[in-house]
> 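Structure in structure tokens, see below.
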Amino acid sequence: MSIKAGPALPVSGDPWRAVLDPLIPVLEQRLHDAGAATDPGWVRGELDLNEGPEWDVAIALHRPAKNSGLAPESLARTVATGFPPSTGIARVQAVGAYLNFGVDGAWLADRTLQEVVDGGDRFGHAAVQAEAACVEHTSANPTGPLHVGRIRNSIIGDTLARVLRASGHPVTTQYYVDDVGRQAAMITWIWSKPPSEWPEEIRGSIPGARWDDPNERADLHFGKPYPAVSAYLKSHPEAATEVAAITESLEVGRAPARHREIATATLDAMVASLARIGVRFDEFVWESDFLVDGSVPKVLERLGQAAHATHEPNGALAIDAATYGLPKESSKIIVARGNGTSLYVTRDLAYHLSKFARFPRVIDVLGQDHLLHARTLEALLTEMGEPRRPEFVLYQYLTAPSGGGMSTRKGTAVYLDALLDDAVGRARTEVRTRWPESPDDEVDRIATAVATGAVRYHILRVAPDKTVAFRWEDALSFEGRSGPFVQYAYVRATSLLKKAEGGGGAFPYRGAELAQPEEQALIRTIARWPRVVAYAARSAHVHAVAGYAHDLAEAFNRFYQGVPVLKAGSERSSRLALVAASRTTLGSVLDLLGVPPLDRM
RNA sequence: GGGCGUGUAGCCUAGUCUGGAUAGGGCACCGGGUUCCUAACCCGGCGGUCGGGGGUUCAAAUCCCCCCACGCCCGCCA
């Protein structure tokens, strides 16, 4: 199951609306006159873009024919015969039980180019402001470098934020930093003494490089002993007790000296990795804040008085999970330990209350392994009498090349930085063969953008609820359905416009001059963009944007291949206008995907 | 055992919510294309029991039921 983000406002500048809106009542009237009245809204729901060899818009008439006892084929013929003129419609034909409408290509070209000129970079974006939204994503514990298994969260979250912004929502992105859980406590525990005093099992297990290299990045440095510590604690209860003591000290706001420093340094390094692929955060919310400001104790107080609260023999506070049908074997949700300290879900509750106080819409990007946590959170919100709910966007993890999850402990993790380094290296080789004379920093600039585009697109092209196995050769692909493919189309358009010396870039056009099949196909693809934005925002299916990006780039490449522009005759200006519109739309698409645009590559 | 998710050509994938015409792409493979705007491209070919079975329907990849396979989750971890 996947839980989708809610509705988005309709976007502006949709050329198809200018066709469909007036066509619908006409069609309804025709059906009525033919003796096949339809339910209100039926035509609007069924009539949609449905491209065929000779048509753009189609509707199947089986249903109204059946309801009225007519033969579908004859109904289609009756309705098609003598169909009155309608905006943008050039042809109406009945094919079997289908009614097909062909759009006037010149009209659509004029309309679409005008929309792009009017909208500019905001073509396809919402014209009105929607409610403020908070998108929480990534939120990985600051206990070591980010690996690729988690990166889907960051890229989907970042892209969703971009898509929602385009559809009119002022968006705040948040990274929820768990600095008070057991994992953070483990890091603090081991680093609270010099490595020379570490247990041999931990010190000896760190392979290769020095663990005390002061020049090492903080996430690698502080995270290095983590897997060994985790294993060590399982067989050393006295050490586990020490870690528990740290957890308790965090709970009351008395963190050990270096605790925050380590967490901050580690987080900074992780965020720096994400910045390489254009993922940025508006706010970092520290879990400890909710302990310090007293909101967690308040949550516990409310839960203690809740209808299904039970007190365990050792003093732990629980809520009866059976009431909510949660698949908990214990059928209890523990919200406070026997020693009175809070748990992740309790603190998350406080966090969500704080989000509800600020944002009309609250969206959480979560790995599907957190589904039960999401359900638990909802159950506890109900228990507290809180009516509001976050919207969850769930995704499956990327698995390791060997199959199975990526795990630092098992050594199956592929780190984000390693992936990016490889991608940049490969891209550099490609760029160098094309631009042997360019200076190194220029080659690096292009290679970095290409690598970023490849990696982001590789993640975004697949629906989030699909489990995908990470494979280097796929992630580093620069051809076919890839980020660089889209970047390349943008480069071609940019280069063309540069050579055309358009100055302000405003080229007079006449839609009637854009009649080549490649031109018409490209125009139809551009015209679809506003609907793609609206759909992606409504459904939280950001992969629809990636799919569209390929369609648009492909349509442009075919046009580029088949239709001369600079050497064209009287159509030159119109074609340049189409190139400019393509570039604007491609730029907008790249922006929403977070794939960097390039002027050459 | 229960919950959730996934299953579409050799490999990857869109479409499934909201049933509709010949199931779209990409990789790989085979064959073409550059005196011309960047060949990270374009054109053609090859390749499909939409996991299996039943059902509903004029019509099923799509909806319903059963089954199979794989992944994740079911902690006083996060």
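Protein chains get the first letters and strands the later ones, always in sequence-line order, with residue 1 at the start of each.
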> It should be established whether A:K499 places a side-chain nitrogen or oxygen under 4.0 Å from OP1 or OP2 of nucleotide B:U38.
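Checking A:K499 against B:U38: at least one side-chain N or O falls below 4.0 Å of OP1 or OP2.
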
> With the stacking rule set at 5.5 Å and 30°, tell me whether A:F485 counts as stacking on B:A40.
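Not stacked: fails the 5.5 Å / 30° test.
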
> Classify the side-chain pair A:D179/A:S288 by whether it contains a donor and acceptor separated by less than 3.5 Å.
yes

> Classify the ring geometry of A:F290 against A:Y351: parallel below 30°, tilted from 30° to 60°, perpendicular beyond 60°.
tilted

> Measure CD/A:E251 against C1'/B:C76 and give the value in whole Å, please.
12 Å

> Below 4.0 angstrom from OP1 or OP2 of B:C58, is there any side-chain N or O of A:R63?
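Indeed not, no polar side-chain atom of A:R63 lies that close.
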
> For A:W55 and B:A21, say yes or no: do the ring centres fall under 5.5 Å of each other while the ring planes differ by less than 30°?
yes

> For the aromatic rings, using the six-membered ring if either is Trp, is the centroid distance between A:Y176 and A:H137 under 6.0 Å?
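Here the rings of A:H137 and A:Y176 have centres that are no less than 6.0 Å from each other.
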
> Relative to each other, are the rings of A:H541 and A:H543 parallel, tilted or perpendicular (30° and 60° limits)?
tilted

> Within the structure, does a side-chain N or O atom of A:H543 lie under 4.0 Å from either OP1 or OP2 of B:G15?
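Yes, within the criterion.
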
> According to a strict under-4.0 Å criterion, is A:K466 in side-chain N/O contact with OP1 or OP2 of B:A14?
yes

> Determine: side-chain N/O of A:R461 to OP1/OP2 of B:A14, distance under 4.0 Å, yes or no.
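For A:R461, the contact criterion (side-chain N or O under 4.0 Å from OP1 or OP2 of B:A14) is not met.
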
> In this structure, how many angstroms lie between the P atom of B:A21 and the CD atom of A:E51, rounded?
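My rounded result for the distance is 14 Å.
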
